[in-house]
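Some notes on the structure that comes next.
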Amino acid sequence: MDEVLKVVLELVAAIGGIGVIFTAVVGFSSAFIAEKLQKKYQLKLNEELEKYKAGLTNKIYISKTKFDAEFETYRRLSEVFSKCVKAFNILIPSGLTSVPADEVKRKELDEKNHREAVNAYVAAQDELSRSIPFISQEIVDKYESLLKLCSLQLWDFEERWNVSFIGSEKEKSTLSSESYKRTTKINDEFIEINTNIRDYLARLDVL
């Protein structure tokens, strides 16, 4: 051990003492850490840059006039279709609801709900027809799909009043489970349309 210690001390003395060794180690460590931090920062910077570039690519640049026109078109469509969906939820609820026990009052309520649903359906149909030249075909198709579901609801509801329908009064006052499920589908499709429109409008940027 004495011989080993002697060799180590001589080596330390030869290269300038323990202070020099410590300084060299610290210098090396600092450079190593700095290099690692720089690479990590550069990687993060590159990631943020790519996100920014992707955002620019995803943007749609239009004039303010066109933006205002499109925004107003989608606002009107949202308003009339919201009323339409609400009317069909009242006409054929997707969940439990109370109805008058009195047959006459129930019939009056059915007629009222049916009339309001028809009016809302026609209003939505007319607004969509006016808007077709100004919105994407994808959105048009989704609105038309929603209207088709509504028309099926009207058909199911009106079929019970058909003179050729053979059934008891109880059967005439009830609907199939498919009709109630269809109302849920109407709600889901309307939510999907609104989500798509919101995402599209968020991509628009005024020049």
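Everything numeric here is computed off the predicted structure, so don't read it as measured data.
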Which atom of [X] lies closest to which atom of [Y], heavy atoms considered:
{"X": "P133", "Y": "S129", "answer": "CD-O, 4.1 Å"}
{"X": "T183", "Y": "P93", "answer": "CG2-C, 4.4 Å"}
{"X": "A87", "Y": "A117", "answer": "CB-CA, 3.8 Å"}
{"X": "A124", "Y": "L147", "answer": "CB-CD2, 4.1 Å"}

> Can you name the residues that form a ring pair (Phe, Tyr, Trp, His ring centres under 6.0 Å) with F81, not counting sequence neighbours?
Replying inline: Y143
>> Tell me every residue that passes ring pair (Phe, Tyr, Trp, His ring centres under 6.0 Å) with F190, counting only those two or more places apart in sequence or in another chain.
In response: none
>> One pair to check against salt bridge (Lys or Arg N to Asp or Glu O under 4.0 Å): R76 and E79. What are the steps and the verdict?
In response: CA-CA 5 Å; R76 291 196 308 268; E79 182 178 356; over 6 Å; no
>> Evaluate R115 against E111 for salt bridge (Lys or Arg N to Asp or Glu O under 4.0 Å), listing each step before the verdict.
In response: CA-CA 6 Å; R115 183 170 57 254; E111 291 176 350; 5.7 Å; no
With sequence neighbours excluded, what pairs up with [X] under the side chain to side chain donor-acceptor pair (under 3.5 Å) test?
{"X": "S179", "value": "D156, S176"}
{"X": "E70", "value": "K66, Y200"}
{"X": "S136", "value": "none"}
{"X": "K148", "value": "none"}

> Hey, mind stepping through L77 and I139 against side chain to side chain contact (heavy atoms under 4.5 Å, CB included) and telling me if it holds?
Replying inline: CA-CA 11 Å; L77 284 168; I139 297 298; 5.5 Å; no
According to a 4.5 Å side-chain heavy-atom criterion applied to Ile, Leu, Val, Met, Phe, Trp and Tyr, with indirect links allowed, do [X] and [Y] form part of one hydrophobic cluster?
{"X": "F67", "Y": "F134", "value": "no"}
{"X": "V140", "Y": "L149", "value": "yes"}
{"X": "L204", "Y": "I135", "value": "yes"}
{"X": "V122", "Y": "I132", "value": "yes"}

How long is the straight-line distance from [atom2] of [Y] back to [atom1] of [X], given to the nearest 0.5 Å?
{"X": "Y121", "Y": "L146", "atom1": "OH", "atom2": "CG", "answer": "10.0 Å"}
{"X": "S145", "Y": "K185", "atom1": "OG", "atom2": "NZ", "answer": "6.5 Å"}
{"X": "N194", "Y": "I191", "atom1": "CG", "atom2": "CD1", "answer": "8.0 Å"}
{"X": "R182", "Y": "L152", "atom1": "CZ", "atom2": "CG", "answer": "4.5 Å"}

>> Could you walk me through whether K112 and E108 satisfy the salt bridge (Lys or Arg N to Asp or Glu O under 4.0 Å) test, starting with their C-alpha distance in whole Å, then the side-chain angles of each, then the deciding distance to 0.1 Å, before giving a yes or no?
In response: CA-CA 6 Å; K112 173 179 176 294; E108 290 176 351; over 6 Å; no
> Excluding sequence neighbours, so at least two apart, what forms side-chain contact (heavy atoms from CB on, under 4.5 Å) with D205?
Replying inline: K59, Y61
> With T184, which residues qualify under side-chain contact (heavy atoms from CB on, under 4.5 Å), at least two apart?
Replying inline: S94, D188
> According to the salt bridge (charged side-chain N to carboxylate O under 4.0 Å, His left out) rule, which pairs have a member within residues 128-146, sequence neighbours left out?
Replying inline: E127-R130, K142-E192
>> Test of understanding: with salt bridge (Lys or Arg N to Asp or Glu O under 4.0 Å), list the residues that count as partners of K181, not counting sequence neighbours.
In response: none
>> Test of understanding: with salt bridge (Lys or Arg N to Asp or Glu O under 4.0 Å), list the residues that count as partners of D68, not counting sequence neighbours.
In response: K64
> Any side chain to side chain donor-acceptor pair (under 3.5 Å) pairs touching residues 81-91, not counting sequence neighbours?
Replying inline: N89-N187
> Taking it one step at a time, do L91 and L154 satisfy side chain to side chain contact (heavy atoms under 4.5 Å, CB included)?
Replying inline: CA-CA 9 Å; L91 183 69; L154 286 176; 4.1 Å; yes
